[in-house]
Amino acid sequence: MIHMTTAPTAPTAHAAPTAPTAHAVPTAVTAVTAATQVARIALVGDRSPHVKSHTRIPLLLDALAARDALVLDAYWIPTGDAAAEAAAGTLAGFDAVWVLPGSPYASEAGALAAIRVAREEGIPFLGTCGGFQHTLLEYARTVCGLAEVAHAENDPGARDLLIAPLACSLVGHEGVVRAVPGSLAEAALGAERSTERYHCSYGPAPRHLPVLTAHGLRLSGHDEDGQVRIAELPGHPFFLATLFQPELQGDGTRPHPIIRALAVAAVAHAAGRADGVAARLAATLAASRSAG
């Protein structure tokens, strides 16, 4: 189900799940076991019938439910609303956040706010294409202290560009991506090498990448020329961003492994939240019986 209305009121706050010690993505058996658990996902972006990745979302959600028993209750949140939803605590109540392609976004600040909530609250996160670019931007500004870095698509006259025009546009391009062995990217892809589709004209400028990695971001996927195509955050339950668009794989009836991995992480997050609520309720009832 996809909701176009305002995001739901955030449930009672819950602690972010403990980060796993390895980047193993749960198997299909795990997914089927959790089939009755519905996970809520925030789709952050400015929905348009002219953005192919957006039109793929309903197909992908249906396929995840039918093929893998991974049920996602999706809410579209325009970037113009995302900062307010983040400030209100609503975004923190989701089981996953997916910042989708379609930049320039109506609100750069909204996209960055959604990414920050997912990063800081331990919420499973995926950023694709423009979502990848803004993931690096949020990390550079908030974590690395590079307050003046900019995205050329949003601020073409900026003096310090973190996201710059690519020497060769990747619009309509398909190419090989190699994941770093042992990374979340490799686990999610299920392989060290894959062929991916792009629709973008901007990417990270090499100059600031050492600062990002020095502050903990892992650049875990590269093309055959060594250019960064995937980033992730070690220690986070699931935090992945790709310059390519996994939404464009095939005809949408077989979700890309990275999209499926996000869904598995979201369902696991929802199950953990439900277990936490059940544990608190049991403790309350036990205390009440003792008092009686």
Side-chain angles (χ1 to χ4, degrees), residues 1-8 25 31 35 37-82 85-86 90-91 93-107 110-111 114-115 117-118 123-135 171-172 174 188-189 194 196-200 230 238-270:
M1 178 183 296
I2 300 180
H3 303 271
M4 293 297 295
T5 55
T6 303
V25 175
Q37 182 66 61
V38 177
R40 298 192 311 164
I41 182 170
L43 305 173
V44 179
D46 304 310
R47 192 178 190 185
S48 168
H50 305 297
V51 178
K52 188 173 182 179
S53 64
H54 294 183
T55 66
R56 283 286 179 89
I57 295 300
L59 288 173
L60 293 169
L61 294 178
D62 288 346
L64 286 166
R67 295 177 59 87
D68 300 303
L70 294 166
V71 182
L72 302 182
D73 188 17
Y75 289 77
W76 273 95
I77 300 180
T79 59
D81 297 339
E85 299 289 1
T90 307
L91 278 175
F94 281 94
D95 299 304
V97 173
W98 185 354
V99 178
L100 290 152
S103 60
Y105 298 125
S107 171
I115 294 164
V117 167
I123 300 169
F125 171 81
L126 178 62
T128 52
C129 196
F132 167 89
Q133 297 158 9
H134 285 73
T135 296
V171 173
E174 189 174 89
L189 286 168
S194 66
E196 304 296 346
R197 298 181 65 184
Y198 298 85
H199 194 83
C200 64
I230 309 176
F238 187 97
F239 191 94
L240 200 62
T242 70
L243 187 61
F244 55 86
Q245 295 191 20
E247 305 92 336
L248 300 182
Q249 176 179 276
D251 61 2
T253 60
R254 295 176 65 91
H256 189 287
I258 283 178
I259 294 174
R260 184 186 177 280
L262 173 69
V264 171
V267 169
H269 186 274

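Position 1 is the first residue of the sequence; numbering continues from there. These figures come from a predicted structure and were not determined experimentally.
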Donor-acceptor contact below 3.5 Å, side chain [X] vs main chain [Y]:
X    : Y    : value
T79  : S107 : yes
R260 : P255 : no
H269 : A265 : no
D251 : T253 : yes

- Query: Hey, does T128 have a side-chain heavy atom less than 4.5 Å from the side chain of P246?
  - Reply: yes

- Item | Check: V264 and F238 side chains under 4.5 Å, non-hydrogen atoms | no

- Query: Hey, would you say the F94 and Y75 ring centroids sit under 6.0 Å apart?
  - Reply: yes

Roughly how far, to the nearest 0.5 Å, is [atom2] of [Y] from [atom1] of [X]?
X    : Y    : atom1 : atom2 : answer
L60  : I259 : CG    : CD1   : 4.5 Å
L240 : L189 : CG    : CG    : 8.0 Å
H199 : E174 : NE2   : CD    : 14.5 Å

- Run the numbers on H134 and Y105 for ring-ring contact (aromatic ring centres under 6.0 Å, His included), then give the verdict. CA-CA 10 Å; H134 285 73; Y105 298 125; 4.8 Å; yes

- More than 12 heavy atoms of other groups within 6.0 Å of H54 NE2: yes

- Of R197, E196, E247, the one forming a side chain to side chain donor-acceptor pair (under 3.5 Å) with H256 is E196

- Item | Worked check of side-chain contact (heavy atoms from CB on, under 4.5 Å) between V97 and V117 | CA-CA 9 Å; V97 173; V117 167; 5.7 Å; no

- Note on the structure: The side-chain contact (heavy atoms from CB on, under 4.5 Å) partner of L70 among V38, L262, L64, L61 is L64

- Task: Return the orientation label for the F125 and F239 ring planes: parallel under 30°, perpendicular over 60°, tilted otherwise.
- Result: parallel

- Does A270 have any side chain to side chain contact (heavy atoms under 4.5 Å, CB included) partners at least two apart in sequence or in another chain, and if so, which? Q37, A39, D95, R273

